[in-house]
Amino acid sequence: METTASLTRVPSEDALRTGLVGELRTTLGTDYSPDELAQSVERAMLDLRGSVAQEALPEMAIRLARHRLAARQHF
């Protein structure tokens, strides 16, 4: 009997963006506009694409977006 490795399902790009923006909105509250959150997520995803495993993209993108948004508040 042959076994196959289970594959981690990666959400579509649109679903991923929507989910990440929602998560940032939940954790950061109303400190940022929906457009700011969406742009931050989009830039993070673009910067990380090809640099991290597809399965790690959601976690890494949200971390990078959160970091960049926090850094903007300090200036």
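In this chain, numbering begins with 1 at the start of the sequence shown.
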(request) Decide yes or no on side-chain contact (heavy atoms from CB on, under 4.5 Å) for E59 and R63, but give the supporting numbers first. (result) CA-CA 6 Å; E59 180 179 347; R63 287 181 183 207; 2.7 Å; yes
(message) Tell me whether R25 contacts the main-chain N or O of Y32 through its side chain, where contact means a donor paired with an acceptor under 3.5 Å.
(response)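 Such a contact is found between R25 side chain and Y32 backbone.
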(request) For Q39 and E36, indicate whether the former's side chain and the latter's backbone hold a donor-acceptor pair under 3.5 Å. (result)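 No, Q39 side chain to E36 backbone: no donor-acceptor pair under 3.5 Å.
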(message) With rounding to the nearest 0.5 angstrom, report the OG to CG distance, S40 to L28.
(response)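 Rounded to the nearest 0.5 Å, the OG-CG separation comes to 9.0 Å.
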(message) Test of understanding: with salt bridge (Lys or Arg N to Asp or Glu O under 4.0 Å), list the residues that count as partners of R68, not counting sequence neighbours.
(response)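 Here the qualifying residues are D47.
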(request) Could you list the residues that satisfy salt bridge (Lys or Arg N to Asp or Glu O under 4.0 Å) with R49, not counting sequence neighbours? (result)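 R49 satisfies salt bridge (Lys or Arg N to Asp or Glu O under 4.0 Å) with E13 only.
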(request) Give the intermediate values and the outcome of side-chain contact (heavy atoms from CB on, under 4.5 Å) for residues H67 and R72. (result) CA-CA 9 Å; H67 173 76; R72 284 192 349 202; over 6 Å; no
(request) Mind running side-chain contact (heavy atoms from CB on, under 4.5 Å) on T27 and I62 for me, showing each step along the way? (result) CA-CA 11 Å; T27 59; I62 193 110; over 6 Å; no
Exercise: identify the closest heavy-atom pair between [X] and [Y]:
| X | Y | value |
| --- | --- | --- |
| A38 | V21 | CA-CG2, 3.6 Å |
| A44 | A65 | CB-N, 4.0 Å |
| A61 | L20 | CB-CD1, 3.9 Å |

(request) Kindly indicate whether the side chain of L69, heavy atoms from C-beta on, has any atom under 4.5 Å from the side chain of L37. (result)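 The answer is yes, as the side chains (C-beta and beyond) meet within the 4.5 Å cut-off.
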